[in-house]
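Report on the following structure.
Everything numeric in this text was worked out from a predicted model, so none of it was measured. Quick note on labels: first sequence line is chain A, next is B, and so on, each numbered from 1.
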Number of protein chains: 2
Amino acid sequence: MKEGPDFTQIATLMGDPARANILTALMSGRALTASELAAEAGVTAATASSHLAKLEQGGLLLRRKQGRHRYFVLASEEVAHTIEAMMGLAANHGHLRTRQGPKDIELRTARVCYNHLAGDTGVQMFRALVSGGHIATGANGLDLTAKGAELMQRLGLPLETLAKSRAPMCRECLDWSARRSHLAGKLGRALLTHFETVGWAARVPDTRIIRFTPKGRAAFDATFAKQD
Amino acid sequence: MKEGPDFTQIATLMGDPARANILTALMSGRALTASELAAEAGVTAATASSHLAKLEQGGLLLRRKQGRHRYFVLASEEVAHTIEAMMGLAANHGHLRTRQGPKDIELRTARVCYNHLAGDTGVQMFRALVSGGHIATGANGLDLTAKGAELMQRLGLPLETLAKSRAPMCRECLDWSARRSHLAGKLGRALLTHFETVGWAARVPDTRIIRFTPKGRAAFDATFAKQD
DNA sequence: TTCATAGTTCGATGCTAATCAAAGCATCAC
DNA sequence: GTGATGCTTTGATTAGCATCGAACTATGAA
């Protein structure tokens, strides 16, 4: 018995409310300082510092020193993916943090998941890319097709730069709200960045919400048409 | 802030060593009794009972009453998937439970993940199915192609029966040891059952290990050839 | 019926870990 | 330098919870 890796430490780290708040805040993909995270978690700086040390030690967070600030980010996309999976279980079981408000609806419509687009809009994009034959399952998992590369060129994504790093181009990430896959990986990140750069969408400050402009929404829908 | 579902309860449930042992044991996909799980977790029946109640309450387990026994199983494939993700993080960070022994190697070669085949062998099968065009990404995620259906017919899988339930036919599950996808979903389950039925492989009692017979291994490799 | 086995509930115990205030470092501004 | 800000360390306090033995309930066997 007792087969397989021991995940108790990781689970314990995620199981404390203050630490869960910290992790949730970092799901926005932004680097936040220790003080910001303390406020986010609703604890004093001392307590937060202790939590952050543990999270870093446990491999969930990375710490970057910059002047007298310490910035924290999630350690990897895999960590983000696991957190989304946990949120999925929680949502499934009715552990929503708040009553469904307008904010919650916006979250479900479009939000940041670590560094890529999630929510209904993210799922819509994923399905459109698949249906259009722009991404397809290859021997190494999901990958960009030639047709897909063409589309990205047309949109103006710097594919050559993306190709340089060895990280996977496409990854699936299970969306906690829509309960379907959306696109993660380098491409997912690049697309979200692109939408922000060209002004189709912008993040609502201090939240994970992404808000599309009317024009941006129209352009997005034209590019990634809804599937039945 | 505090956006998204609150996963602290779920994480806390997974974060206790006794409960983690219980969950790990149930990753074998078998239904185990309260006493068996108590032994597995290394605690008394009283303690285990308390843990099992909490796990059921938290939606991670299902309880089935049968005579004077209570059988427990994981509540869903999604729960299994989340646990695998946590194991992936843990393995990545060196929290292996034991030093790499022969048992560990067997686990990495072929094991049960909830109800389907995982480990190198599971990954091999997944890649072969994808390369051979037997499964492909469709609008609703991974799906069996016509060519794939043909293969399954040839193997003798009861596709009609499978098609009846509304659960997804194919799902990807990230393998904690190989760090690649293997096949879950109804098809994944049916294939593993098939291998056992036709005697290609058998479970090692009281473990998650699956051991292939020499003949079974040969047949498996012929059907699902290793990819580069 | 009587005994044995499976599981749950209860109460007591003890340990772990979250928390904060205060003091200590480190960095920046002046 | 002096003061201010950001963060960490230390030590004391406290609350929660895992644990077990023992009593209790339910099912099955003889």
Please determine if a side-chain N or O atom of R19(A) lies less than 4.0 Å away from the OP1 or OP2 oxygen of dA18(C). yes
Integer-rounded Å distance: dA18(C) P and I22(A) CD1: 11 Å
Does dA26(C) have OP1 or OP2 under 4.0 Å away from a side-chain N or O of K65(A)? no
Both S49(A) and R68(A) contact DNA chain D. Taking the nearest nucleotide for each, which residue is further toward the 5' end? R68(A)
Got a salt bridge between E56(B) and K65(B), using NZ or NE/NH1/NH2 to carboxylate O under 4.0 Å? no
Let me know, please, whether A46(A) or F72(B) comes out on the 5' side of the other along DNA chain C by nearest nucleotide. F72(B)
Does the side chain of R70(A) come under 3.5 Å of the side chain of S49(A) through a donor N or O and an acceptor N or O? no
What integer distance in Å separates R70(A):CZ from dG6(D):C1'? 8 Å
Using a cut-off of less than 4.0 Å, is there contact between a side-chain N or O of R63(A) and OP1 or OP2 of dT8(D)? yes
Tell me whether the side-chain N/O atoms of T47(B) come closer than 4.0 Å to OP1 or OP2 in dC20(D). yes
From OH of Y71(B) over to C1' of dA6(C), roughly how many Å is that when rounded to an integer? 11 Å
Contacts of T12(A) and Q66(A) projected onto DNA chain C by closest heavy atom; the upstream (5') one is T12(A)
Does OP1 or OP2 of dA18(C) have a side-chain N or O of K54(A) closer than 4.0 Å? yes
Using atom CG of D16(A) as one end and atom C1' of dT16(C) as the other, report the distance to the nearest whole Å. 13 Å
Starting at atom CG of L52(B), determine the distance to atom C1' of dA18(D), rounded to an integer number of angstrom. 14 Å
Within the 4.0 Å heavy-atom criterion, would you say A18(A) contacts the bases, only the backbone, or no part of the nucleic acid? sugar-phosphate
What's A34(A) touching, base or sugar-phosphate or nothing? Going by heavy atoms closer than 4.0 Å. sugar-phosphate
OP1 or OP2 of dG28(D) versus the side-chain N and O atoms of H69(B): is any pair under 4.0 Å? no
How many whole angstroms separate atom CG of L55(B) from atom C1' of dA18(D)? 13 Å
salt_bridge(R30(A), E40(A)) N-O dist < 4.0 Å: no
To the nearest angstrom, how far is Q9(A) atom CD from dT16(C) atom P? 16 Å
Looking only at side-chain N and O atoms, does R208(A) offer a donor or acceptor that is under 3.5 Å from a partner on T24(A)? no
I need the CD-P distance between Q57(B) and dC17(D), as an integer number of Å. 13 Å
Distance-only donor-acceptor check, side chains S177(B) and R111(B), under 3.5 Å: yes
